[in-house]
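Worksheet: one structure, shown below.
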Amino acid sequence: ETAELERVPPGFVEYLQAQGIEELYPPQAEAVEAGVTTGENVVASVPTASGKTLIAQLGMLSAIDRGGRALYIVPLRALASEKKAEFEAFEDFGVSVGVSTGNYEASGEWLAEKDIVVATSEKVDSLVRNGAGWIEDIDCVVSDEVHLIDDASRGPTLEVTLAKLRQLNPNLQTVALSATVGNADEIADWLDAELVDSTWRPIDLKKGVHFGNALHLDDGTQRELPTRKSEKQSAAIVRDTLEDGGSSLVFVNSRRNAEVAARRLSDVVEPSLSPEEREQLESVAAEIRDVSDTETSDDLAAAVERGGAFHHAGLAAEHRSLVEDAFRDRLLKVVSATPTLAAGVNTPSRRVIVRDWRRYDGTAGGMQPLDVLEVHQMMGRAGRPGRDPYGEAVLLASNHDELDELFDRYVYAEPEPVRSKLAAEPALRTHVLATIASGFARSRDALLGFLSETLHASQTDDADQLEAVADSVIEYLERNEFIERGESASEDVELSATGLGHTVSRLYLDPMSAAEIVDGLRDAAENDRTPTPMGLYHLVARTPDMYELYLKSGDREEYTELAYERESEFLGAMPSEFEDVRFEDWLAALKTADMLEDWAEEVDEDRITERFGIGPGDVRGKVDTAEWLLNAAEQLAADLDLGVSPAIREARKRVADGIKEELLELAGVRNVGRKRARRLFDAGIETRADLREADKSVVLGALRGRRKTAETILENAGRRDPTLEDVTADQDARAAVE
Ligand code: ADP
């Protein structure tokens with residue numbers, strides 16, 4: 001063990017010891033053998049929670065020790081901050097860490113100073129597109145959860161980004177971390193890497209299926225689980241775990257189901273809580289209610305008070321981390337979650353219950369079984385080293401046949417191989433444009449050469465197919481004026497991006513979104529119309545970069561009516577009702593636009609979530625996307641000299657802050673959000689200048705007597721003397737707004 005640790009950078013050994021890490025886990029030792037500390041490419045395919053992060057750290061810190069720099073690519077934004085916090089521990093021995101989030105167009109030069117940069121693959125891709133020079137100076141890149149290359153929507157970006165980084169710096173060290181998959185050797189071949197392929201886990205994981213009153217485990221044993229009359233399977237298991245002093249994580253297939261399960265399962269937990277636990281849980285619940293005043297927030301707090309919680313992507317980020325922390329602290333005894341929790345976030349639990357192994361899939365028409373890989377990732381969350389004697393992961397069978405089926409399908413099954421999803425038009429549209437615009441390929445041959453360095457190329461015998469898709473994408477990009485063909489020397493054709501194409505690539509837009517936006521804005525400009533916010537929200541809502549709201553039953557009538565009512569505002573022609581699919585899409589975009597308009601009309605968040613049947617996290621997500629797309633639209637309009645930029649800017653600011661036009665100025669003052677701006681305005685303070693001159697007691701009254709907040713805001717508005725020491729709040733102003 002000491003031999004291995006000798007190759008670990010100085011300082012790091014003490015750090016590890018301080019973390020209670022005395023020796024390397026076997027897969028970690030194998031990675032050192034494979035050369036992770038000496039600059040070799042390594043692919044580590046290792047089960048969840050078996051210490052992959054440390055393998056990455058060994059690679060990064062050794063590179064830094066040799067005077068180099070490292071980049072850590074995470075699959076989810078939420079993980080970027082978690083990883084950054086984790087790596088910040090190295091600041092003690094002089095290693096600086098930066099996280100690159102935020103807007104897509106920036107090149108992030110300040111990150112050039114950092115030893116380790118953490119970013120999502122989309123962010124790295126956009127940094128490359130924006131010509132961030134420092135990217136070329138990276139010596140070690142880590143790709144976390146590299147098996148997500150298989151994901152149709154985000155995988156191609158990771159794949160192309162890794163290929164680009166490796167082209168930029170042929171000496172780059174690549175460390176790729178993967179869950180156990182069927183073909184880690186193919187990924188290693190592609191990356192010219194040594195493979196560490198291990199099934200070792202720090203504590204035992206028993207997998208099995210629950211049926212009737214018994215738990216059937218993969219070691220052949222069976223255990224009777226006392227079940228009360230009319231008690232559901234998951235409730236019986238949660239109760240059994242609880243009696244044994246452990247916690248349970250229950251995976252379900254929808255947000256709704258997560259919420260319902262949390263309510264039911266906290267009934268099971270509640271009677272066993274100690275008075276101290278109750279008190280602590282109440283304070284967590286209070287924090288949850290503080291974050292937002294919505295039904296979801298209330299439901300979550302109510303469950304938390306009773307020792308349970310739900311976790312899904314519709315929750316606000318603050319809610320998610322409050323739940324994760326309380327679960328890690330073992331204060332919460334049960335969490336029901338959609339599979340987002342399985343992807344990355346570190347929340348081990350004694351037992352994992354995979355309650356739903358089918359999920360609704362619209363494109364496949366109906367309920368579809370989950371991938372083995374996904375179920376194994378969920379199961380891998382069972383058991384926390386040092387706290388649990390073992391982990392146990394169970395599926396639920398409702399009859400004898402299902403018991404056998406689940407064993408075959410998931411317990412004994414190998415995970416699927418990772419397959420590149422690059423050869424699809426939507427993926428290539430974006431990446432071909434970016435590859436040409438940022439100079440990675442200046443001709444058709446060069447483009448095909450670049451594509452031949454991808455995982456896709458190494459996995460297919462049919463090079464013609466990729467070539468055919470690439471050609472149809474080239475044609476699409478040319479038709480929409482994003483690229484131009486130049487000289488054709490012999491067989492090859494020169495390709496270059498137009499000014500518009502460069503802008504689209506830098507803005508990180510899907511070229512199809514850009515084409516839709518450009519058409520809509522040209523339509524307005526040619527007809528001398530000033531676009532309305534609704535027109536603009538609809539325009540961006542119907543691009544492939546916006547994830548539209550679903551139409552529910554009854555919505556079709558409601559939004560058809562609204563479509564005719566607001567027809568004059570739409571940019572571009574409305575499809576006919578007889579074009580079924582296109583019309584339906586148009587209406588779904590209208591529903592999304594309607595939600596954005598509600599937000600910009602200052603409708604209460606609570607009412608919006610209720611009316612559209614979505615969570616507060618969804619509102620924020622759509623608002624952020626709209627803000628980004630409108631910002632892109634503004635730049636496209638400026639590039640094309642269409643003269644509609646001011647209207648777009650106003651619509652963007654209104655949706656970003658969720659305010660009517662009259663509040664734009666006030667909301668521009670730091671710390672004044674939509675609610676505060678409204679209260680100030682209603683108390684007669686309408687501008688920044690008013691804030692500087694208004695009667696302090698009125699300001700304080702409008703801000704509900706919050707002195708500290710009021711002082712900060714007055715200062716931000718540029719008031720010379722912002723202190724409120726002797727001022728009392730104006731009761732009239734408070735009454736006026738309440
Ligand atoms: P993965 O990324 O594989 O899911 P992590 O890297 O998060 O797993 O590791 C899981 C836990 O194991 C962490 O809490 C980590 O501190 C701990 N750990 C990692 N390596 C060792 C080791 N060699 N000895 C003891 N604990 C370790």
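Counting starts at 1 for both ligands and their atoms, following the listed order.
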Next item on the list: State whether the shortest distance between N or O atoms of Glu22 and N or O atoms of ligand 1 falls below 3.5 angstrom.
Entry: no
Checklist line | Under 4.0 Å to a heavy atom of Leu54 - the qualifying atoms of ligand 1, by number | finding: 20 (N)
Next item on the list: May I ask you to list the atoms of ligand 1 that are less than 4.0 angstrom from any heavy atom of Glu23?
Entry: 22 (C), 23 (N), 24 (N)
Check: For ligand 1, which atoms, with element, lie under 4.0 Å from some heavy atom of Thr53?
Finding: 2 (O), 5 (P), 6 (O), 7 (O)
Check: Distance under 6.0 Å and angle within 45° of the ring axis: does Lys207 meet both against Tyr410?
Finding: no
Checklist line | Thr48 to ligand 1, any heavy atom closer than 4.0 Å | finding: yes
Margin query: For Phe407 and Tyr412, take the angle between the two ring planes, folded into 0 to 90°, and tell me which bin it lands in: parallel under 30, tilted 30 to 60, perpendicular over 60.
Written below: tilted
Margin query: Taking side-chain hydrogen bond (donor to acceptor under 3.5 Å, both in side chains) as the definition, give me every residue that meets it alongside Glu453, ordered by chain and number, with sequence neighbours left out.
Written below: none
Note to self: side-chain hydrogen bond (donor to acceptor under 3.5 Å, both in side chains), that's the test. Do Thr157 and His431 meet it? Break it down for me.
What the structure shows: CA-CA 8 Å; Thr157 301; His431 291 297; 3.2 Å; yes
Margin query: Please verify the inter-ring angle class for Trp200 with Tyr25; under 30° counts as parallel, over 60° as perpendicular, anything in between as tilted.
Written below: tilted
Next item on the list: Check if Gln19 has a non-hydrogen atom at a distance under 4.0 Å from any atom of ligand 1.
Entry: no
Check: Hey, is ligand 1 close enough to Leu24 that some N/O pair sits below 3.5 Å?
Finding: no
Margin query: Among residues at least two apart in sequence or on other chains, which ones pass salt bridge (Lys or Arg N to Asp or Glu O under 4.0 Å) with Glu259?
Written below: Arg256
